[in-house]
Enquirer: 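Can you read through this structure? Questions will come right after.
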Amino acid sequence: MGRITFELGDHDRAADELIKAYMGGGPETLEEEDPEYLVFLGTRADLNRRSNSAF
């Protein structure tokens with residue numbers, strides 16, 4: 001869902017969906033995806049923290 005909403009330009013929802021995937025499965029969840037999603041997520045969240053307060 002994060003990938004789709006990102007491509008549609010809904011970056012707020014994309015960030016929400018991508019962080020859910022990242023927090024639920026860790027960075028390996030996004031390893032097989034286009035690196036742009038992880039780069040984008042890094043602009044919206046502190047990826048070095050694994051808590052709900054990452055925003």
Side-chain angles (χ1 to χ4, degrees):
M1 183 63 79
R3 194 174 65 184
I4 293 168
T5 54
F6 178 85
E7 297 301 331
L8 291 174
D10 187 351
H11 293 150
D12 290 335
R13 181 159 181 208
D16 184 49
E17 296 296 335
L18 290 169
I19 198 67
K20 286 185 217 177
Y22 184 89
M23 297 301 290
E28 55 277 354
T29 303
L30 300 176
E31 283 179 356
E32 294 185 21
E33 299 293 335
D34 188 320
E36 77 176 317
Y37 303 121
L38 195 54
V39 170
F40 163 72
L41 190 54
T43 68
R44 298 288 186 109
D46 180 358
L47 300 181
N48 294 316
R49 294 177 52 180
R50 289 199 55 166
S51 72
N52 288 334
S53 62
F55 288 101

Enquirer: Considering all heavy atoms of both residues, which atom of Thr5 and which atom of Ala14 are nearest to each other, and what is their separation?
Expert: OG1-CA, 3.1 Å

Enquirer: Between the side chains of Arg44 and Asp12, is the shortest nitrogen-to-carboxylate-oxygen separation below 4.0 Å, so that they form an ion pair?
Expert: yes

Enquirer: Quick check for you: to the nearest 0.5 Å, what is the distance between Leu8 atom CG and Arg3 atom CZ?
Expert: 11.5 Å

Enquirer: Of all the heavy-atom pairs spanning Leu38 and Leu30, show the shortest one and how long it is.
Expert: CD1-CD1, 3.8 Å

Enquirer: List in chain and number order the residues that pass ring-ring contact (aromatic ring centres under 6.0 Å, His included) with Tyr37, two or more places apart in sequence or in another chain; answer none if no residue qualifies.
Expert: Phe6

Enquirer: Working to the nearest 0.5 Å, report the span between CG of Asp34 and CD of Glu7.
Expert: 7.5 Å

Enquirer: NZ/Lys20 to OG1/Thr29 distance, rounded to the nearest 0.5 angstrom?
Expert: 14.0 Å

